[in-house]
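Proteins come first, then strands; the chains are lettered A, B, ... in the order of their sequence lines, and each starts at number 1.
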Number of protein chains: 2
Amino acid sequence: MTKPKLGIQLKAKGYKLTQQRQQIMNFLQDSSLRLSAQDIHQQLKQQNSAISLDTVYRNLRLLTEIGIVGQISLPSGSVYERVEDQEHHHHLVCVDCEKVVCIAYCPEMKTYMAQAGAAGFDVIGHSFEIYGRCASCRHKYLHS
Amino acid sequence: MTKPKLGIQLKAKGYKLTQQRQQIMNFLQDSSLRLSAQDIHQQLKQQNSAISLDTVYRNLRLLTEIGIVGQISLPSGSVYERVEDQEHHHHLVCVDCEKVVCIAYCPEMKTYMAQAGAAGFDVIGHSFEIYGRCASCRHKYLHS
DNA sequence: ATCAGTGCAAACCATTTGCACGCGA
DNA sequence: TCGCGTGCAAATGGTTTGCACTGAT
């Protein structure tokens, strides 16, 4: 709504706004969920807008590189979410059920960024994920 | 720093202590780095202790399930580290030359871990990488 | 002696890529 | 029109699995 239109952001980087890219972003826009490439492909198919799986992958990759979406790696593959700079956050990832929970952004992260700057690094992005077992999986785990 | 012996931990869960498992753990023990299955396989091969890649995968999986090692998913695959390893550090990764620079462990990271605990999460491991361009690559980049 | 663990090769599955055609600017 | 973007199919690469053999207890 108040953030720059997708088309603008793409054009600024020299990319075209295609139907497929629009559809993918609409999808990530609507849902606050994190979706895999396959999820997106499936669901678009059910909306009668069949776009190829390759294209979904290609565009998720592009959108990730541009910084419009964020990629989260899981043992079974990656999931994606829309990035909003204002609401930057990180994740807890359950190694059993792969549930992903957001944790609040913590200003102390800046300590790391400062070190990066001191090392002469131009920071482009960063990833931070905590892996573990969620409460319910831990319960199952202890009883097996 | 005497933690339970590997053999004991395995036996407690009904698993055997095999040469291969011992070798893999020795490896993770020694190195403070996080290694991929392939890394471990390669390096063991160079030590004249050739164990099959499948076995490395199978055992890393087992050790992860038992909670002896932590698995970290990255887009290019998984890396593993010893769980008790509190003294690990994080990295700056140059997106151009792929140079990796270590940065010191920062106690503020505990703030995140605390949040994980509050969410009922059993922390097994975490991943934190800063992506950017190193000083020399930035120079080249600006002149291309 | 038994059965979990191993090696090998083949299978799997998410993701990437080469190529020819189609569509956005 | 021009060249990026797409679809298709085939390739890739990390990881898993079926099977027969080996080794730890």
OP1 or OP2 of C/dT15 versus the side-chain N and O atoms of A/Arg61: is any pair under 4.0 Å?
no
Counting only side-chain nitrogens and oxygens, does A/Tyr57 get under 4.0 Å of the OP1 or OP2 atom of C/dT15?
yes
For C/dT15, does either OP1 or OP2 sit under 4.0 Å from a side-chain N or O belonging to A/Ser78?
yes
Using a cut-off of strictly less than 4.0 Å, decide whether A/Ser52 has a side-chain nitrogen or oxygen near OP1 or OP2 of D/dG7.
yes
Mapping A/Leu53 and A/Tyr15 onto DNA chain C by nearest heavy atom, which one lands closer to the 5' end?
A/Leu53
Any sub-3.5 Å donor-acceptor pair from A/Arg21's side-chain atoms to A/Lys16's backbone N or O?
yes
Would you kindly give the CD-to-P distance between A/Gln22 and C/dC23, to the nearest whole Å?
18 Å
In whole angstroms, the gap separating P of C/dT6 from CG of B/Leu44 amounts to 13 Å
Sub-3.5 Å donor-acceptor pair from the side chain of B/Arg34 to the main-chain atoms of B/Ile72, do we have one?
no
Given that A/Leu62 and B/Leu17 both sit by DNA chain D, which one's nearest nucleotide is further toward the 5' end?
A/Leu62
Between CD of B/Glu65 and P of C/dG5 the distance, given in whole Å, is 12 Å
Shortest side-chain distance from A/Gln19, nucleotide among D/dT17, D/dG7, C/dG24
C/dG24
For atom NE2 of B/His41 and atom C1' of C/dG7, their distance in whole Å
10 Å
Whole-Å distance, A/Leu10 CG to C/dC23 P, equals 19 Å
Touch class at under 4.0 angstrom, heavy-atom based, for A/Ser36 against every strand present
nothing
Nearest heavy-atom contact between B/Thr55 and B/Ile24 is O-CD1, 4.4 Å
B/Ile51 atom CD1 is separated from C/dG7 atom C1', nearest whole Å, by 11 Å
Polar side-chain atom of A/Tyr131 near backbone of B/Ser73 as donor-acceptor pair, under 3.5 Å
yes
Give a yes/no on whether any side-chain N or O of A/Gln20 is located under 4.0 angstrom from OP1 or OP2 of C/dG24.
no
For the side chain of A/Lys16, counting heavy atoms from C-beta on, which of C/dA25, C/dA14, C/dT6 is nearest?
C/dA25
Without swapping roles, check the side chain of A/His41 against the backbone of A/Ile51 for a donor-acceptor pair under 3.5 Å.
yes
What is the distance, to the nearest angstrom, from the CG atom on B/Leu60 to the C1' atom on D/dG14?
13 Å
Answer yes or no: is there a donor N or O on one side and an acceptor on the other, between the side chain of A/Arg82 and the main chain of A/Met25, under 3.5 Å?
no
Reckon A/Arg58 touches a base, only the sugar-phosphate, or nothing at all at heavy-atom distances under 4.0 Å?
base
If you assign each of B/Gln71 and B/Thr18 to its closest nucleotide in DNA chain D, which residue comes earlier from the 5' end?
B/Gln71
Taken to the nearest whole Å, CG/A/Asn59 to P/D/dG7 is 9 Å
Nearest-neighbour nucleotide for the A/Asp54 side chain, D/dT15, C/dG24, D/dA9 considered
D/dA9
